[in-house]
Amino acid sequence: MSSIPVPAYIREIAPYQAGKPIDELAREFGLDPDSIVKLASNENPLGMPESARQALLGAVGELERYPDSNGFALKGAIAGRYGVRPEQVTLGNGSNDLLELAVRAFVTPGDGVVYSEHAFAVYMLASQAVGARRIEVPARDLGHDLAAMAAAVDEGTRLVFIANPNNPTGSFVPGADVKALLEKVPEDVVVVLDQAYDEYLRPHERYDATAWLAQHPNLIICRTFSKAYGLAGLRLGFALASAELTDFMNRVRQPFNTNSLAQAAALAALADEAFLARSYELNLAQRERLEQAFADRGLRYVPSSANFVMVEVGDGAAVSQALLHEAVIVRPIGGYGLPAWVRVSVGLPEENTRFLEALDKVLAARS
Ligand SMILES: *Cc1c(COP(=O)(O)O)cnc(C)c1O
């Protein structure tokens with residue numbers, strides 16, 4: 001080991017476990033990449049919108065130039081869509097970037113950060129990276145216990161993370177409960193509401209968090225183009241918040257944290273309501289199909305409000321590994337404290353068929 005004095009909180013970070021890339025599995029098992037079904041990273045099975053592809057190709061001619069550091073066109077479009085001012089929009093290299101910017105701007109070493117057990121791993125990683133005191137609140141029925149999270153906010157707490165829906169559980173808490181937490185948490189504590197899967201909510205689940213921004217200047221809403229908009233590889237997310245918090249987030253970001261191709265493609269995708277509607281419909285129908293299939297097999301699952309389902313299979317790591325031999329990639333989630341479960345993204349109908357057939361084979365061999 002070197003003599004570089006790496007802070008203890010950095011040494012303790014367990015690296016993020018990403019979904020296995022298709023090419024990696026193809027190399028390791030000598031498989032044809034086209035035969036592999038990847039349902040491990042909650043990507044959009046429809047691919048990227050054609051409108052975004054055209055916009056991206058149109059922007060290729062100017063790659064020698066730096067991107068617009070202020071993302072004028074995209075911020076304007078986002079502001080228009082969500083009824084906020086452009087000064088309330090922060091762009092990020094994926095919404096992952098925004099989660100980190102929020103921690104970097106508002107949390108110093110030793111400050112408390114509250115999040116739920118089984119919550120999205122980046123909350124822990126981003127908190128650890130700045131030496132924050134992590135306050136992990138036990139889950140209730142595998143979902144967020146918002147009352148307990150509000151109660152866990154103490155003197156030294158500076159930030160609360162809420163994922164709604166949450167990843168990897170797919171669990172959802174009603175908007176009214178999130179609002180109730182905002183009412184309880186002191187105004188000088190930042191609340192980050194991560195809505196990465198908001199576009200997949202059913203009509204009865206939808207709620208308008210942007211309407212709360214005026215009353216709650218401590219609220220930061222994070223959204224992404226990676227899931228329903230089909231642009232995960234481009235890395236584009238955005239945050240909506242008060243102009244004051246937005247200003248601070250922008251002070252700590254890289255000047256060019258979002259690239260010009262991503263800005264152009266996201267602008268087109270945002271306007272593509274037909275693509276969004278197709279993504280929603282496909283996901284809803286196929287998610288119901290997966291949940292029904294799990295129920296038919298007597299497998300416990302968490303009813304999902306997102307584009308994936310978490311299902312209990314006994315030994316999640318072993319089942320995931322066996323599925324790889326069937327050329328199906330799902331996500332083991334032992335690292336989230338859920339070793340008996342796997343998370344499977346909702347795919348195209350034929351992909352889900354392949355997954356269910358492979359699952360049946362694997363589970364039969366194990367029983
Ligand atoms: C996928 C995901 C994100 C962000 O992804 P980006 O690609 O960085 O925008 C954020 N939060 C949750 C809960 C997610 O599942």
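Here the structure is a predicted model, which is why all the values come from computation and not from measurement. Atoms within a ligand are numbered from 1 in the order they appear, just like the ligands themselves.
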Could you work out the complete set of other residues in the hydrophobic cluster of Phe308, with links drawn between I, L, V, M, F, W and Y side chains under 4.5 Å apart?
-> Tyr197, Tyr200
Quick one: name the residues clustered hydrophobically with Val313, using the 4.5 Å side-chain heavy-atom rule over I, L, V, M, F, W, Y, and just say none if it's on its own.
-> Val37, Leu39, Leu290, Phe294, Leu299, Tyr301, Val309, Val311, Val319, Leu323, Val328, Val330, Val342, Val344, Val346, Phe355, Leu356, Leu359, Val362, Leu363
Could you check whether [Y] and [X], counting side-chain N and O atoms only, form a donor-acceptor pair closer than 3.5 Å?
| X | Y | result |
| --- | --- | --- |
| Gln195 | Tyr207 | yes |
| Ser305 | Arg287 | no |
| Arg289 | Gln292 | no |

Show me a pair-per-line table, with atom names and distances to 0.1 Å, of protein N or O atoms that are under 3.5 Å from an N or O of ligand 1.
from, atom 1, to, atom 2, distance (Å)
ligand 1, 7 (O), Ser226, OG, 2.5
ligand 1, 7 (O), Arg235, NH1, 2.7
ligand 1, 7 (O), Arg235, NH2, 3.3
ligand 1, 8 (O), Ser95, N, 3.2
ligand 1, 8 (O), Asn96, N, 3.0
ligand 1, 8 (O), Arg235, NH2, 2.7
ligand 1, 9 (O), Ser95, N, 2.7
ligand 1, 9 (O), Ser95, OG, 2.9
ligand 1, 9 (O), Thr224, OG1, 2.5
ligand 1, 9 (O), Ser226, OG, 3.4
ligand 1, 11 (N), Asp194, OD1, 3.3
ligand 1, 11 (N), Asp194, OD2, 2.6
ligand 1, 15 (O), Asn167, ND2, 2.7
ligand 1, 15 (O), Tyr197, OH, 2.5
ligand 1, 15 (O), Lys227, NZ, 3.3

Sequence-distant partners of Arg235, side chain to side chain contact (heavy atoms under 4.5 Å, CB included), two or more places apart = Asn93, Asn96, Ser226
